[in-house]
A.B. asks: 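The structure is given below, and queries will be raised subsequently.
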Amino acid sequence: MFHSLERSISRAVSQYLQSKFDLEVPVTTEQPKQSSFGEVALPVAFQLARQLKKPPVAIAKDLADGLKDQIEGIAALEVASGYLNVRFHRGWYARRILEGNDFDTQELSIRKTIVEHTNINPNKAAHIGHLRNAILGDTFVRMMKAMGTRVEVQNYIDNTGVQVADVVAGFHFIEKKTAAEVAEIAKRPRFDYYCWDLYSRVAQMEEIKQWRGETIHGIESGHGPLSEMGHVVADAIVECHLNTMLRLGIQYDVLPRESEILHLQFWASCFEQLKERNAIYLETEGKNAGCWVMPGSAFRENAGEEDSKVIVRSNGTVTYVGKDTAYQLWKFGLLGKDFYYRKLRTYPNGQACYVSQSMREGSERAAFGGGTSVYNVIDSRQSYLQDVVAAGLRALGYDAQAEKSIHFSYEMVALSPRTCVELGIELSEQDKAKPYVEMSGRKGLGVKADDLIDQLIERAKTEVDSRHAEKPEDGRRKVAEQIAVCALRYFLLKFTRTSVIAFDLQEALSFEGETGPYVQYAAVRARNILRKVGAVPDFKGSLTEDMLDTELQTEDLWQLLLEISRLESVLAAAVTSGEPAALARYAFQLAQGFSRFYHDYRVLDEADEARRNVLIWMTQHFARQLEKTLNTLGIEVPEYM
RNA sequence: GCACCCGUAGCUCAGGUGGAUAGAGCAUUUGCCUUCUAAGCAAAGGGUCACAGGUUCGAGUCCUGUCGGGUGCACCA
């Protein structure tokens, strides 16, 4: 509601300026510093002061007089130190919300937006850095869907890369296992943990350099024991990752795999296009002799020869950038090729998740890719590579798509020194001096996602048990899980994308203050009130505009209603700026507002009927809007807390 | 060396396209459970928005420079 009224105000002002002064100026609105100034403030008079050669106060006065009674829902226009302050008609505003006219109708778009996120190398367990990626991506997807956008979620599986090769080399050269034996091990629980340890062991060995080449070659060839083992490892780890993510409510539509990019000649096709357009050339001298490279000038200003990026190695294999360029082309429907698909799993909510495959046999009808815009959720350390990929698109003449291929970047998750100590991680003198310590899969240094989730559940379970011993065990378990997921998602969402998270276990495990559970708690309390009220009457008949107006003269109530009605506005801004943290913060503010309300007003004990109805209605409206906000953040509201 | 990100309260962080007296949480101190659940509420202290210039009627926000910290700049991804 706030969103639409705010816009109608700025439209009215804009029209007035046009008709009276023949001026076309963007009219911005803002929230006044103090609520006593009203609901919306317009600093437009300051901008116009010079043009109109009049003091701001005079201009604002003119606007206030000229627009008096011209905008529906506005009770007063006031001038204060040059600002034009707007006061809403409280009863009108509330009544509009009550009637359900408070949303801007959004048509489901025909254009498809593709979001690629998670993208964990399928060679070890997921850690909290991966969680930031997946939770950011998943939440952004939910936000866009809430706005009516059609979204397809992809999780790219690099099943033929160096990281998988290293683990395969570990099984083959160190543990002397066959593919069949590895398949047996993979059936055990937490195979991803096993590989986590194996990977860090292998990665730190001297011999890995020799082993790696042989293994990659075997994997890329697509046949033979090493290739077979590569599939066994990668497929099993992908299952682990999907399970981990599902615990957090994160699901995917399709998993395009690198093995198919290679075997279905996606790269070959892309390679031809790049050569035709002279986007890459065969280097004949220098350190890159024998490689196909993209000149540095394509993606970097004042680049020299040394900035060129190798796309095809001298041994003929393709680098990640090359494969990713082919993948990007496919995402936009520009490759003229498609994968075959099979259903990998069906989620409990009925959604299917497909995975690519290279053969027609056994494939199922499914259509993916061909998006109009693409978001790649990838951490900021890879921005250089993303620039190269975008340059590849431009070099092929796809400037429009390069524009629409957005690197949805975020800073890394590192570990706080305190947490390193708690986890028994030994730090070098150099690391001790740092504000945070970067995680490293190679060193096996990090907090595993499932471990953290388990810890959060245990902690939540203890709290739930102490408060609700009378409830059945499985119910308490479920509540604890919901709280844990909420705490984790909120923790990783409350930081803006540009902020490095120095992960601190104690902070992450906290359920008080600015945390997810605090927000959930407010929602649960609201529900409790509504439950005790019983059948909530339809207030459309019983709450008139006048009654609402009278009750909402109480400032706290009015401020709470205003805050609740900002959801659409906040959501739109958060999607535009690509910042899920903005929505998370809003959820917290809403909860804060309600907690105060809960403390200050006794809804059930209210003697005055009109007031009681308003309080119940406010509670109901709050519950609805907060739940909508939480759902968009991927958070559920427990039965009790 | 070049590129990107960060620098705001003791700590962790917010501060839409510049606007009125810079905000939260944690921590500290102090109140509030006979109450719709205290995972809560209320109050207090705590600031040269790294620094210096510039643009502007107006700068935490934009520009330039300096100083700190981080991350990239592979025939790894």
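Numbers restart at 1 for each chain; the letters A, B, ... are given by sequence-line order, proteins then strands. Values in this document were obtained by computation on a predicted structure and should not be read as measured data.
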A.B. asks: Please check if the distance between the ring centroids of Phe594(A) and Phe597(A) is under 6.0 Å.
C.D. replies: yes
A.B. asks: Nearest to the side chain of Asn528(A) - C36(B), G70(B), C75(B)?
C.D. replies: C36(B)
A.B. asks: Would you indicate, yes or no, if C6(B) has its OP1 or OP2 atom less than 4.0 angstrom from a side-chain nitrogen or oxygen of Thr498(A)?
C.D. replies: yes
A.B. asks: In whole Å, measure the gap between the P atoms of G54(B) and G23(B) for me.
C.D. replies: 28 Å
A.B. asks: Counting only side-chain nitrogens and oxygens, does Gln592(A) get under 4.0 Å of the OP1 or OP2 atom of G25(B)?
C.D. replies: yes
A.B. asks: Should Arg525(A) be listed as having a side-chain N or O under 4.0 Å from OP1 or OP2 of A38(B)?
C.D. replies: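 True: Arg525(A) side-chain N/O within range (under 4.0 Å) of A38(B) OP1/OP2.
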A.B. asks: Looking at the angle O4'-C1'-N9-C4 for a purine or O4'-C1'-N1-C2 for a pyrimidine, is C33(B) syn or anti, with syn meaning within 90° of 0?
C.D. replies: syn
A.B. asks: Where the side chain of Asn288(A) is concerned, which of C75(B), U71(B), G40(B) is the nearest nucleotide?
C.D. replies: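 My answer, after comparing the listed nucleotides, is C75(B).
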A.B. asks: For A50(B), what is the paired nucleotide under Watson-Crick or G-U wobble rules, both distances under 3.5 Å?
C.D. replies: U66(B)
A.B. asks: Indicate whether the side chain of Glu220(A) and that of Thr160(A) have a donor and an acceptor atom separated by less than 3.5 Å.
C.D. replies: no
A.B. asks: OP1, OP2 of C75(B) versus side-chain N and O of Lys309(A): anything below 4.0 Å?
C.D. replies: no
A.B. asks: Among G70(B), C13(B), A38(B), which is the nearest nucleotide to the side chain of Tyr598(A)?
C.D. replies: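 Given the options G70(B), C13(B), A38(B), the side chain of Tyr598(A) is closest to A38(B).
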A.B. asks: So which nucleotide from G69(B), C41(B), G25(B) ends up closest to the side chain of Glu514(A)?
C.D. replies: G25(B)
A.B. asks: Measure from the side chain of Gln34(A), starting at C-beta and using heavy atoms only, and say which of U21(B), C13(B), A20(B) lies closest.
C.D. replies: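 That would be U21(B).
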A.B. asks: Applying a 3.5 Å limit to both distances, which nucleotide forms a Watson-Crick or G-U wobble pair with C2(B)?
C.D. replies: G72(B)
A.B. asks: Going by atom types alone, do Glu514(A) and Tyr490(A) pair a side-chain donor with an acceptor below 3.5 Å?
C.D. replies: yes
A.B. asks: More 5' along RNA chain B: Ile529(A) or Asp600(A), using each one's nearest nucleotide?
C.D. replies: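 Result: Ile529(A).
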A.B. asks: Does the structure show a Watson-Crick or G-U wobble partner for C41(B), both distances under 3.5 Å? Name it, or say none.
C.D. replies: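 Checking every strand shown, C41(B) finds its partner in G31(B), with both distances under 3.5 Å.
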A.B. asks: Would you mind telling me which of C13(B), U37(B), A77(B) lies closest to the side-chain atoms of Tyr320(A)?
C.D. replies: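 Nucleotide nearest to Tyr320(A)'s side chain: A77(B).
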A.B. asks: For C32(B) and G18(B), measure between their P atoms and round to the nearest Å.
C.D. replies: 48 Å
A.B. asks: Taking the minimum atom-to-atom distance to the side chain of Tyr436(A), which one of U37(B), G16(B), G70(B) wins?
C.D. replies: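 Side chain of Tyr436(A) sits closest to G70(B).
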A.B. asks: What's the closest nucleotide to the side chain of Phe37(A) if the choices are C41(B), A20(B), A39(B)?
C.D. replies: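 Comparing C41(B), A20(B), A39(B) against the side chain of Phe37(A), the answer is A20(B).
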A.B. asks: Compare the minimum distances between each of G15(B), G40(B), G25(B) and the side chain of Phe588(A), then state the nucleotide with the smallest one.
C.D. replies: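 Nearest nucleotide to the side chain: G25(B).
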A.B. asks: Relative to each other, are the rings of Phe495(A) and Phe491(A) parallel, tilted or perpendicular (30° and 60° limits)?
C.D. replies: perpendicular
A.B. asks: Should Tyr384(A) be counted as stacked on A3(B), where stacking needs a ring-centre gap under 5.5 Å and an angle between planes under 30 degrees?
C.D. replies: no
A.B. asks: Nearest to the side chain of Thr319(A) - U37(B), C36(B), A77(B)?
C.D. replies: A77(B)
A.B. asks: In whole Å, what separates the P atom of C4(B) from that of G65(B)?
C.D. replies: 11 Å
A.B. asks: When you compare the side chains of Ser499(A) and Thr496(A), does any donor N or O come within less than 3.5 Å of an acceptor on the partner?
C.D. replies: no
A.B. asks: Would you check if there is a donor-acceptor pair between the side chains of Gln482(A) and Gln520(A) at a distance under 3.5 Å?
C.D. replies: no
A.B. asks: Between the side-chain atoms of Ser383(A) and the base atoms of C4(B), is any donor-acceptor pair under 3.5 Å?
C.D. replies: no
